[in-house]
Asks: 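Dropping the structure in here first, questions after.
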Amino acid sequence: MSKEAFVALVTCFNDDETINFDATRAQVRRQVEAGNNIMCAGTNGDFTALTFEEKVALTDAVVDEVAGRARVIVNAGMPATFETIKLAREFDRIGVDGIAVITPFFIACTQDGMVRHFSSVADAVETPVYLYDIPARTQNHIEPETARLLAAHSNIAGIKDSGGAQDTLEAYLAVGRAVDGFAVYSGPDHLVHWSLQNGAAGCISGLGNVMPEVLAGIIRAFNAGDQAEAANQQRIFGDFRKDLYGLGYPPALVKRALFLMDSSVGASRQPALLPDPAQDESIRAILVKYDLI
């Protein structure tokens with residue numbers, strides 16, 4: 001089966017911090033034209049700063065703009081199962097290809113609690129559900145055995161691993177090999193090629209917002225059987241990641257780098273992410289180094 005790339009799309013904002021739907025649609029077109037699928041309302045999409053109604057409107061716009069030319073996954077995860085289900089049902093109505101559910105955040109959640117949470121969401125919708133593990137941000141981690149239990153659910157189709165550790169990704173890939181139809185998507189941008197070689201269905205990338213063609217190039221070369229070219233594109237992607245992420249918080253740096261390439265994407269709503277002239281200078285130097293501006 002061919003591998004696929006999703007980009008965890010940024011949400012574009014106007015100067016007054018309302019969603020800029022025209023700019024967001026332009027980013028959707030840019031990714032689809034490069035050959036990538038879309039994940040919206042994720043970590044790189046400022047989902048924690050979006051209201052319920054905005055997430056629904058954003059997803060509606062993304063699905064409309066994609067118009068069947070690519071696949072769309074949207075994150076419905078919230079701390080409460082009640083709101084997660086409520087959001088998931090809206091996305092189910094819109095007609096996305098998959099609903100990602102990030103682990104509950106802020107509260108400490110047991111593994112049994114997560115089994116109930118994810119199972120309840122999967123029971124409530126017809127759209128396939130994907131677990132979304134990013135413990136550095138949520139402080140809750142889906143243990144591989146928990147993933148194995150959830151993989152048996154008829155409407156849980158896979159997992160996005162954004163933990164960043166190769167051993168955790170290996171454990172999830174083992175679940176994917178053991179449970180037919182359970183797809184594993186790699187989140188760490190430095191492990192895209194490695195994950196494909198080891199059985200991942202694809203990747204969901206934040207960095208692809210800035211380098212869509214390179215991300216698509218890894219997937220395209222891999223699917224064509226050209227491992228040398230896939231490795232070469234991964235090297236470029238990994239080097240860029242190391243340079244950019246060395247400056248601080250990755251989602252903020254992705255958004256700022258993209259802003260310096262195209263100011264229509266706007267700033268972030270996050271309160272701690274203020275423009276820094278010295279950092280901007282460093283980001284510009286990296287973008288120049290990789291011929292992005």
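Count residues from 1 along the sequence.
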Asks: Heavy-atom distance under 4.5 Å between the side chains of Ile99 and Val101, does that happen here?
Replies: yes
Asks: Give the intermediate values and the outcome of side chain to side chain contact (heavy atoms under 4.5 Å, CB included) for residues Tyr130 and Ile159.
Replies: CA-CA 5 Å; Tyr130 293 86; Ile159 189 168; over 6 Å; no
Asks: Write out all pairs satisfying salt bridge (charged side-chain N to carboxylate O under 4.0 Å, His left out) with one or both partners inside residues 215-224, taking only residues at least two apart or from two chains.
Replies: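 Output for this query is empty, none listed.
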Asks: Just to verify, what does Phe21 make a ring-ring contact (aromatic ring centres under 6.0 Å, His included) with, not counting sequence neighbours?
Replies: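 In terms of ring-ring contact (aromatic ring centres under 6.0 Å, His included), with neighbours along the sequence ignored, Phe21 is linked to no residue.
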Asks: Minimum heavy-atom separation for Ile156 to Ala122, with atom names?
Replies: CG1-CB, 3.7 Å
Asks: Side chains of His193 and Gln227 only: does a donor on one sit below 3.5 Å from an acceptor on the other?
Replies: yes
Asks: I need the full list of salt bridge (charged side-chain N to carboxylate O under 4.0 Å, His left out) pairs touching residues 110-130, with sequence neighbours left out, sorted by first then second residue.
Replies: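 Passing the test, one end in residues 110-130: no pairs.
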Asks: Within the distance-only criterion (no hydrogens, no angle test), does the side chain of Thr59 pair as donor or acceptor with the backbone N or O of Lys55 below 3.5 angstrom?
Replies: yes
Asks: Using the salt bridge (charged side-chain N to carboxylate O under 4.0 Å, His left out) rule, take Arg269 and Glu54 through it: C-alpha gap first, then chi angles, then the decisive distance, then the call.
Replies: CA-CA 13 Å; Arg269 276 183 177 173; Glu54 285 175 328; 2.7 Å; yes
Asks: How far apart are the closest heavy atoms of Ser162 and Gly187, and which atoms are they?
Replies: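 Heavy atoms only, the tightest pair is OG-CA, 3.9 Å.
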Asks: Could you see if Val74 belongs to whatever hydrophobic cluster contains Phe52? Use Ile, Leu, Val, Met, Phe, Trp, Tyr and a side-chain cutoff under 4.5 Å.
Replies: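 Yes, it is one cluster - the side chains of Val74 and Phe52 are joined through contacts under 4.5 Å.
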Asks: Using side-chain heavy atoms (C-beta onward) and a distance below 4.5 Å, is Ile19 in contact with Cys12?
Replies: no
Asks: Check whether any side-chain heavy atom of Tyr290 sits under 4.5 Å from a side-chain heavy atom of Met211, and report yes or no.
Replies: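 Side-chain contact under 4.5 Å: yes.
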Asks: Using side-chain hydrogen bond (donor to acceptor under 3.5 Å, both in side chains) as the criterion, list what pairs up with Ser120, not counting sequence neighbours.
Replies: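 side-chain hydrogen bond (donor to acceptor under 3.5 Å, both in side chains) check on Ser120 returns nothing, list empty.
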Asks: Does CG belonging to Asp167 count more than 12 external heavy atoms closer than 6.0 Å?
Replies: yes
Asks: Please list all pairs meeting salt bridge (charged side-chain N to carboxylate O under 4.0 Å, His left out) that have one or both residues in residues 236-250, counting only residues at least two apart or in different chains.
Replies: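 Passing the test, one end in residues 236-250: Arg235-Asp239, Asp243-Lys289.
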Asks: Step by step, would you call Leu287 with Met261 a side chain to side chain contact (heavy atoms under 4.5 Å, CB included)?
Replies: CA-CA 8 Å; Leu287 294 173; Met261 296 166 65; 3.9 Å; yes
Asks: What side-chain hydrogen bond (donor to acceptor under 3.5 Å, both in side chains) pairs are there with at least one residue in residues 92-110, not counting sequence neighbours?
Replies: Glu90-Arg93, Asp92-Thr127, Thr103-Thr138
Asks: If you take all heavy atoms of Met39 and Phe6, which pair is closest and at what distance?
Replies: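 Scanning both residues, the minimum pair turns out to be N-CD2, 4.2 Å.
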Asks: Check whether any side-chain heavy atom of Phe182 sits under 4.5 Å from a side-chain heavy atom of Leu150, and report yes or no.
Replies: no
Asks: With a 4.5 Å limit on heavy-atom distance, are the side chains of Tyr172 and Lys160 in contact?
Replies: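 No, too far: nothing below the 4.5 Å cut-off.
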Asks: Do any N or O atoms from the side chain of Ser119 and from the backbone of Val115 form a donor-acceptor pair under 3.5 angstrom?
Replies: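 Yes, the answer is positive, given that a donor and an acceptor are paired below the 3.5 Å cut-off.
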Asks: Ignoring hydrogens and geometry beyond distance, is a side-chain donor-acceptor pair present between Tyr132 and Thr43 at under 3.5 Å?
Replies: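 Yes - a donor-acceptor pair under 3.5 Å links their side chains.
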Asks: Look up atom CG in Leu173 and atom CG in Asp161, then write down how far apart they are to the nearest 0.5 Å.
Replies: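 Here the interatomic distance stands at 8.0 Å.
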Asks: Side-chain contact test, heavy atoms from C-beta onward, threshold under 4.5 Å: evaluate it for Leu87 versus Val56 and give yes or no.
Replies: yes
Asks: Would Phe259 and Lys255 count as a side chain to side chain contact (heavy atoms under 4.5 Å, CB included) here? Give the steps.
Replies: CA-CA 6 Å; Phe259 175 85; Lys255 186 66 176 289; 5.6 Å; no
Asks: Apply side-chain hydrogen bond (donor to acceptor under 3.5 Å, both in side chains) to Asn140 and list each qualifying residue two or more places apart in sequence or on a separate chain.
Replies: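 Expected list: none.
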Asks: Taking atom types as modelled and ignoring hydrogens, do the side chains of Gln27 and Gln31 form a donor-acceptor contact shorter than 3.5 angstrom?
Replies: no
Asks: Go through the side-chain N and O atoms of His117 and Thr81 and say whether any donor and acceptor fall under 3.5 Å apart.
Replies: yes
Asks: Less than 4.5 Å apart, side chain to side chain, heavy atoms only: is that true for Asn44 and Leu207?
Replies: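 Of all side-chain heavy-atom pairs linking Leu207 with Asn44, none is under 4.5 Å.
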Asks: Could you list the donor-acceptor pairs under 3.5 angstrom formed between side-chain atoms of residues 278-286 and any protein atom two or more places apart in sequence or on another chain?
Replies:
unit_1, atom_1, unit_2, atom_2, d
Gln279, NE2, Leu247, O, 3.3
Asp280, OD1, Arg256, NE, 2.9
Asp280, OD2, Arg256, NE, 3.4
Asp280, OD2, Arg256, NH2, 2.8
Ser282, OG, Ala278, O, 3.3

Asks: Are Ile102 and Val254 co-members of a hydrophobic cluster defined by side-chain heavy atoms under 4.5 Å apart?
Replies: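 Different clusters: Val254 never reaches Ile102 through Ile, Leu, Val, Met, Phe, Trp or Tyr contacts under 4.5 Å.
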Asks: Checking Phe47 now: which residues fulfil ring-ring contact (aromatic ring centres under 6.0 Å, His included) with it, not counting sequence neighbours?
Replies: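 Expected list: Phe105.
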Asks: Look at the side-chain heavy atoms of Ile, Leu, Val, Met, Phe, Trp and Tyr, link any pair under 4.5 Å apart, and say whether Val7 and Val210 land in one connected group.
Replies: yes
Asks: Please give me the minimum heavy-atom distance between Val175 and Ala151, naming the atom from each residue.
Replies: CG1-CB, 4.2 Å
Asks: Quick check: closest heavy atoms across Ile142 and Ala147, and the distance to 0.1 Å?
Replies: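 Smallest heavy-atom distance, with atoms named: CG2-N, 3.9 Å.
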Asks: For residues 2-27, which residue pairs qualify under salt bridge (charged side-chain N to carboxylate O under 4.0 Å, His left out), counting only residues two or more places apart or in two chains?
Replies: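 Of all non-adjacent pairs touching residues 2-27, those that pass salt bridge (charged side-chain N to carboxylate O under 4.0 Å, His left out) are Glu4-Arg71, Arg25-Asp64, Arg25-Glu65.
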Asks: Salt bridge or not for Glu145 and Arg148, using N-O below 4.0 Å?
Replies: yes
Asks: Once you round to the nearest 0.5 Å, how far does CD1 of Ile204 lie from CG of Asn36?
Replies: 12.0 Å
Asks: Quick check: does any side chain N or O of Arg137 sit under 3.5 Å from a backbone N or O of Ile134, one acting as donor and the other as acceptor?
Replies: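 The answer is no, because no donor-acceptor pair under 3.5 Å joins these two groups.
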Asks: Val72 vs Asn37, test: side chain to side chain contact (heavy atoms under 4.5 Å, CB included). Steps then yes/no.
Replies: CA-CA 6 Å; Val72 177; Asn37 299 294; over 6 Å; no
Asks: Strictly distance-based, threshold 3.5 Å: is any side-chain N or O of Asp46 a donor or acceptor partner for the main-chain N or O of Ala49?
Replies: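 No.
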Asks: Under the rule for side-chain hydrogen bond (donor to acceptor under 3.5 Å, both in side chains), what residues qualify as partners of Thr11, not counting sequence neighbours?
Replies: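 Per chain and number, Thr11 pairs via side-chain hydrogen bond (donor to acceptor under 3.5 Å, both in side chains) with no residue.
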Asks: Under the 3.5 angstrom rule, does the side chain of Asn209 hit a backbone N or O of Ala8 as a donor-acceptor pair?
Replies: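 A pair under 3.5 Å: yes.
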Asks: With sequence neighbours excluded, what pairs up with Asn155 under the side-chain hydrogen bond (donor to acceptor under 3.5 Å, both in side chains) test?
Replies: none
Asks: To check you understand the geometry: which heavy-atom pair defines the closest contact between Ser205 and Phe237, and what is its length?
Replies: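 Looking at all heavy atoms of both residues, the shortest contact is OG-CZ, 3.5 Å.
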Asks: Determine whether Asp189 and Tyr245 make a side-chain contact, defined as any pair of heavy atoms from C-beta on separated by less than 4.5 Å.
Replies: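 With C-beta onward as the side chain, the pair touches.
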